[in-house]
Amino acid sequence: MGEVIRIKGRPAYPGKAKGEAVVCPHSIQGWAGVSEETGCIIEVGHPERGTCIKGKVLVIPYGKGSTGWSGHFHSAAVAGFAPAGWLFSTIDSRCGVATAAIEVPAVADFPPDVDIFSLIQSGDMVELDGDTGEVIITKK
C-alpha cells in the first residue's frame with residue numbers, strides 16, 4: 001500500500017464511493033467527450049482518451065461544454081457506465097445536475113490550500129464520503 005492522504009471538501013451528494021481515480025484537470029466534454037455506448041472517454045486530444053469511467057472516481061474541476069453536459073453522463077450511466085463517484089474542485093450547475101441525475105456520491109469545493117490535481121493522480125485509489133466531505137487517497 002502507498003501513502004495515505006486525507007482531505008476534506010464540501011459534501012455535494014450523499015453516499016460513499018471507492019474506486020480508481022481518473023484525473024482530468026481540464027475536465028471532460030459532455031457531447032463528444034464520453035461514449036454513451038462504451039463509457040470511455042472519446043474526446044479528441046484528451047490525456048485519458050480510451051479510459052472507461054465505469055466504477056471510477058472522476059476528479060474534475062467543473063463541467064465542460066453546454067448545459068447538456070450532464071445528459072451525456074446520464075446516458076452513459078443508463079447504459080451501465082456510471083462512475084463510482086465524483087470529486088469537483090469547484091462544483092457548477094452542470095456538475096450538480098449530472099451528480100443528481102446519476103445519483104453517485106460527490107465531494108466538491110475544496111479549501112484554497114487543497115489542490116486535488118496535485119494530490120491525486122490517475123490510478124490512485126480514492127474513497128469519498130458524500131455525507132461528510134471526507135476523502136481518503138491511497139497513492140499507487
Side-chain angles (χ1 to χ4, degrees):
M1 278 234 166
E3 174 189 10
V4 175
I5 301 168
R6 295 175 185 272
I7 59 176
K8 188 162 181 164
R10 183 178 62 78
Y13 197 85
K16 294 180 181 183
K18 181 178 182 177
E20 182 180 320
V22 175
V23 180
C24 303
H26 302 289
S27 198
I28 305 168
Q29 238 180 23
W31 180 79
V34 174
S35 168
E36 298 169 6
E37 289 85 30
T38 66
C40 290
I41 297 172
I42 58 171
E43 182 177 342
V44 175
H46 196 284
E48 294 291 338
R49 186 175 183 172
T51 301
C52 184
I53 66 170
K54 180 180 181 176
K56 306 289 175 67
V57 174
L58 296 180
V59 183
I60 63 175
Y62 42 71
K64 179 179 177 182
S66 71
T67 56
W69 185 84
S70 61
H72 297 285
F73 286 92
H74 180 261
S75 294
V78 167
F81 302 108
W86 306 85
L87 297 181
F88 302 109
S89 55
T90 305
I91 197 167
D92 61 18
S93 59
R94 292 169 291 200
C95 298
V97 170
T99 300
I102 64 175
E103 299 179 320
V104 297
V107 177
D109 302 329
F110 293 87
D113 63 332
V114 175
D115 179 4
I116 59 175
F117 302 107
S118 294
L119 293 173
I120 307 168
Q121 296 177 333
S122 289
D124 290 347
M125 189 57 70
V126 175
E127 295 177 60
L128 66 99
D129 187 329
D131 296 302
T132 66
E134 294 177 274
V135 178
I136 301 169
I137 304 145
T138 303
K139 303 299 287 177
K140 58 181 175 179

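Residues: numbered from 1 along the sequence shown.
Judged as a side-chain hydrogen bond (donor to acceptor under 3.5 Å, both in side chains), and not counting sequence neighbours, the contacts of His72 are Glu36. With sequence neighbours left out, the side chain to side chain contact (heavy atoms under 4.5 Å, CB included) criterion links Lys140 to Gln121, Asp124. Contacts of Pro111 classified as side chain to side chain contact (heavy atoms under 4.5 Å, CB included), with partners at least two apart in sequence or in another chain: Asp113, Val114. In this structure, Glu127 has no side-chain hydrogen bond (donor to acceptor under 3.5 Å, both in side chains) partners at least two apart in sequence or on a different chain.
In terms of hydrophobic clustering, with Ile, Leu, Val, Met, Phe, Trp and Tyr side chains grouped at heavy-atom distances under 4.5 Å, Val59 and Leu119 are assigned to a common cluster. Both Ile28 and Val104 are assigned to one and the same hydrophobic cluster, defined by single-linkage of ILVMFWY side chains at heavy-atom distances under 4.5 Å. Under the 4.5 Å side-chain heavy-atom criterion for ILVMFWY residues, a single connected hydrophobic cluster contains both Ile60 and Ile102. Taking hydrophobic clusters as Ile, Leu, Val, Met, Phe, Trp and Tyr residues chained together by side-chain heavy-atom distances below 4.5 Å, Ile53 does not share a cluster with Val57. Following chains of ILVMFWY side-chain contacts shorter than 4.5 Å, one cannot reach Leu58 starting from Phe110, and the two form parts of different hydrophobic clusters.
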Check residues 39-46 and write down every donor-acceptor pair under 3.5 Å in which the side-chain atom is one partner and the other belongs to a residue at least two apart or another chain.
{"unit_1": "Glu43", "atom_1": "OE1", "unit_2": "Gln29", "atom_2": "N", "d": "2.8"}
{"unit_1": "Glu43", "atom_1": "OE2", "unit_2": "Lys64", "atom_2": "NZ", "d": "2.6"}
{"unit_1": "His46", "atom_1": "ND1", "unit_2": "Glu48", "atom_2": "N", "d": "2.9"}
{"unit_1": "His46", "atom_1": "NE2", "unit_2": "Ser27", "atom_2": "O", "d": "2.8"}

Throw together a table of side-chain donor-acceptor distances under 3.5 angstrom for residues 5-23, partners on residues two or more places apart or in other chains.
{"unit_1": "Lys8", "atom_1": "NZ", "unit_2": "Thr132", "atom_2": "O", "d": "3.3"}
{"unit_1": "Arg10", "atom_1": "NE", "unit_2": "Asp109", "atom_2": "OD2", "d": "2.8"}
{"unit_1": "Arg10", "atom_1": "NH2", "unit_2": "Asp109", "atom_2": "OD2", "d": "2.7"}

Please report, to 0.1 Å, the donor-acceptor pairs under 3.5 Å made by any side chain of residues 77-98, with sequence neighbours excluded.
{"unit_1": "Ser89", "atom_1": "OG", "unit_2": "Pro61", "atom_2": "O", "d": "3.4"}
{"unit_1": "Asp92", "atom_1": "OD1", "unit_2": "Arg94", "atom_2": "N", "d": "3.2"}
{"unit_1": "Asp92", "atom_1": "OD1", "unit_2": "Cys95", "atom_2": "N", "d": "2.9"}
{"unit_1": "Asp92", "atom_1": "OD2", "unit_2": "Gly63", "atom_2": "N", "d": "3.0"}
{"unit_1": "Asp92", "atom_1": "OD2", "unit_2": "Arg94", "atom_2": "NE", "d": "3.4"}
{"unit_1": "Asp92", "atom_1": "OD2", "unit_2": "Arg94", "atom_2": "NH2", "d": "2.8"}
{"unit_1": "Arg94", "atom_1": "NH1", "unit_2": "Gly65", "atom_2": "O", "d": "2.5"}
{"unit_1": "Arg94", "atom_1": "NH2", "unit_2": "Gly63", "atom_2": "O", "d": "2.9"}

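In terms of heavy atoms, Ala106 sits closest to Thr99 at CB-CG2, 3.7 Å.
One distance of note links CD of Glu3 with CD1 of Ile137; it measures 9.0 Å at 0.5 Å rounding.
Listed by first then second residue, pairs satisfying salt bridge (Lys or Arg N to Asp or Glu O under 4.0 Å) with a partner in residues 22-35 number zero, not counting sequence neighbours.
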